[in-house]
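Atom set for the values below is all heavy atoms of this structure, side chains included, hydrogens, waters and symmetry mates excluded. Note that the coordinates shown come from a computational prediction; the quantities given were computed from them, not determined experimentally. Remember, it's 1-based here, ligands and their atoms both numbered in the order they're listed. Numbers for residues simply follow the sequence, beginning at 1.
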Amino acid sequence: MLKVGINGYGTIGKRVADAVAAQPDMTVCGVAKASPDFGADGAVQRDYPLYSAIGDRVETFRAAGYEVAGTSDDLIAESDVIVDAAPGGIGAENLTRYEAAGVPAIVQGKESDDLVDTSFNARANFEDAEGADAVRVVSCNTTGLSRLVAPLEENYGVEKVRATLVRRGGDPDQTGRGPINDILPDPIAVPSHHGPDVNTIFPDLSIDTMGLKVPATLMHMHSLNIELESEPTDQAVHELLAEESRIFVVDEGMAIDGTGKLREFARDRGRPRGDLWENCVWGESINVEGSELYMFQAIHQESDVIPENVDAIRAMAGIAGKEESMALTDEHLGIGLPDPRSVPAPSPTP
Ligand code: NAD
């Protein structure tokens, strides 16, 4: 069993911990938090050993009634692989500590690509992380774009991607970002930094992105125009994307007309925290005009990077190849949202 430590137990860290705990070949050896707020309860409930991310706060945790196994230095020493899910920028600082301890580490998308051996998306470049010491799982938006570009590039060739990212203003728990009532071009400069981030996965891809922020917390929305090198039919693209395990093509008949209903569907399906690990592409929006492909996809910012973190762990530790790892992650996390109406009804018992 591979021992995985999670340094930073917030929105991303707690989901990574649960995903790791669900896998048959790895275990959570501990999670580190900076302060003893309500999030620490999740670790206690799940029996994850709790560590103080900040060295001198062990007593603060104890005073709040939490048993603490040590500091993040102790957690690093315990771990075969560390997943850093600390706030953006802190992962970069922590990398030097992981390096010094000789523990392979994953950082998240806010950190710079220059600091790691490779940026990572399981579908697109799993092999680049095999045996690496430092890997960056790209941001939620870049993960969503990479999952889409990979099959399109392989099957039709991609001439140019033009993407407008309508980004949520904050996560549901980021009360400090609201209340808000505005629409912000963000960044105002065009194109945005998201395109170059996708180039850390697809170095030769021609891509321009524009970003907006809106007063929403549920998901991001991508409005996409992709110029292909060939001219497939709408139906062919629809079928190609539906075959991807981490893309959910929303059928028109489901009457899901926005991100609110998507999250409601996930909750109805019993998804933990109502998470949607898959890109959600509206089937009806898939439209090919000559070689120009159009579509809308929604990205659940809090969860789409979670399966990618699990696959990055396996790649770095060398315990499974791409196909095996993605299949294991999908199976044990429960990825895949078949339209219930397309699943044949069970045959009546004789
Ligand atoms: P968060 O604020 O919800 O959680 C951060 C956690 O890190 C908290 O548990 C906090 O106690 C802990 N922490 C604070 N200082 C620390 C330190 N010095 N060392 C270790 N842990 C420390 O943040 P988040 O949204 O989970 O984001 C984590 C990372 O994931 C960021 O780099 C972010 O850019 C990236 N990311 C976030 C999202 C998202 O939508 N939330 C999506 C993709 C990637």
Side-chain angles (χ1 to χ4, degrees), residues 5-19 30-44 48 50-58 60-61 64 66 68 70-76 79 82-98 105-113 115-116 119-121 135-147 165 167-177 193-194 197 213 216-221 259 263 273-277 279 298-309 312:
I6 291 126
N7 194 19
Y9 188 68
T11 302
I12 298 299
K14 65 186 174 186
R15 288 172 166 83
V16 171
D18 292 354
V31 302
K33 268 189 68 58
S35 50
D37 59 25
F38 77 95
D41 282 345
V44 174
Y48 302 147
L50 184 62
Y51 291 79
S52 172
I54 317 284
D56 58 11
R57 291 201 191 155
V58 170
T60 316
F61 275 89
Y66 292 106
V68 180
T71 67
S72 52
D73 283 331
D74 300 316
L75 175 60
I76 295 165
S79 306
I82 279 276
V83 177
D84 187 294
I90 294 180
E93 292 168 22
N94 286 338
L95 261 179
T96 52
R97 297 167 61 210
Y98 308 140
I106 294 166
V107 292
Q108 307 302 316
K110 262 274 173 70
E111 312 306 337
S112 166
D113 173 65
L115 301 172
V116 293
S119 289
F120 180 84
N121 172 259
V135 166
R136 166 183 172 263
V137 169
V138 290
S139 76
C140 45
N141 282 308
T142 304
T143 295
L145 290 168
S146 300
R147 281 181 186 160
L165 314 182
R167 300 155 64 202
R168 56 87 176 103
D171 293 341
D173 74 341
Q174 287 178 310
T175 44
R177 294 195 183 184
H193 56 273
H194 302 94
D197 200 35
K213 262 192 190 166
T217 60
L218 298 179
M219 298 181 85
H220 300 299
M221 183 78 77
T259 57
R263 296 294 305 280
R273 303 183 174 93
D275 283 351
L276 281 160
W277 301 295
N279 291 20
I299 299 297
H300 184 209
Q301 76 280 357
E302 297 167 286
S303 71
D304 76 327
V305 298
I306 305 306
E308 311 303 321
N309 273 273

Who's closest to [atom] heavy-atom-wise, of [options]?
| atom | options | answer |
| --- | --- | --- |
| atom 5 (C) of ligand 1 | Ala85, Gly170, Gly8 | Ala85 |
| atom 41 (N) of ligand 1 | Ile306, Asp171, Ile6 | Asp171 |
| atom 43 (C) of ligand 1 | Cys140, Gly91, Pro172 | Cys140 |

Should you measure from each heavy atom of [X], which atoms of ligand 1 turn up under 4.0 Å away?
| X | result |
| --- | --- |
| Lys110 | 32 (O), 34 (O) |
| Gly88 | 31 (C), 32 (O) |
| Asn94 | 19 (N) |

Any [X] side-chain heavy atom under 4.5 Å of [Y] side chain:
| X | Y | result |
| --- | --- | --- |
| Arg273 | Arg15 | yes |
| Tyr66 | Asp41 | yes |
| Val107 | Val116 | yes |
| Val83 | Ile6 | yes |
| Gln301 | Arg167 | no |
| Ile106 | Tyr98 | no |

Ignoring hydrogens and geometry beyond distance, is a side-chain donor-acceptor pair present between Thr259 and Arg168 at under 3.5 Å?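 No pair is found: no donor N or O on one side chain lies under 3.5 Å from an acceptor on the other.
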Donor-acceptor pair between Thr143 and Asp304 side chains, under 3.5 angstrom: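 No.
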Is ligand 1 under 4.0 Å from a heavy atom in the side chain of Arg168, in the backbone, in both, or in neither?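 For Arg168, only side-chain atoms sit under 4.0 Å from ligand 1.
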Between Glu308 and Arg147 (salt bridge meaning N to carboxylate O under 4.0 Å), is one present in this structure?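 Yes.
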For [atom], what's the nearest protein heavy atom and its distance?
| atom | answer |
| --- | --- |
| atom 36 (N) of ligand 1 | Ile12 CG1, 3.8 Å |
| atom 2 (O) of ligand 1 | Pro87 CG, 4.4 Å |
| atom 4 (O) of ligand 1 | Gly10 CA, 3.3 Å |
| atom 42 (C) of ligand 1 | Gln301 O, 3.2 Å |
| atom 25 (O) of ligand 1 | Thr11 CB, 3.6 Å |
| atom 20 (C) of ligand 1 | Asn7 OD1, 3.2 Å |
| atom 31 (C) of ligand 1 | Ala86 O, 3.4 Å |
| atom 35 (C) of ligand 1 | Gln108 CB, 3.7 Å |

Checking Ser119 now: which residues fulfil side chain to side chain contact (heavy atoms under 4.5 Å, CB included) with it, not counting sequence neighbours?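 Counting only residues at least two positions away or on another chain, Ser119 forms a side chain to side chain contact (heavy atoms under 4.5 Å, CB included) with Asp113, Arg136, Val138, Thr200, Ile201.
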Would Ile54 count as a polar contact of ligand 1, with the cut-off being nitrogen or oxygen pairs under 3.5 Å?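 No - when backbone and side-chain N and O of Ile54 are compared with those of ligand 1, no distance drops under 3.5 Å.
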So is there a nitrogen or oxygen of Tyr9 less than 3.5 Å from a nitrogen or oxygen in ligand 1?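 Checking ligand 1 against Tyr9, an N or O pair does fall under 3.5 Å apart.
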Can you check whether a protein heavy atom sits less than 4.0 angstrom from atom 13 (N) of ligand 1?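 Flag for atom 13 (N) of ligand 1 set to true, protein heavy atom closer than 4.0 Å.
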According to side chain to side chain donor-acceptor pair (under 3.5 Å), who are the partners of Ser146, at least two apart in sequence or on a separate chain?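 Here no residue qualifies.
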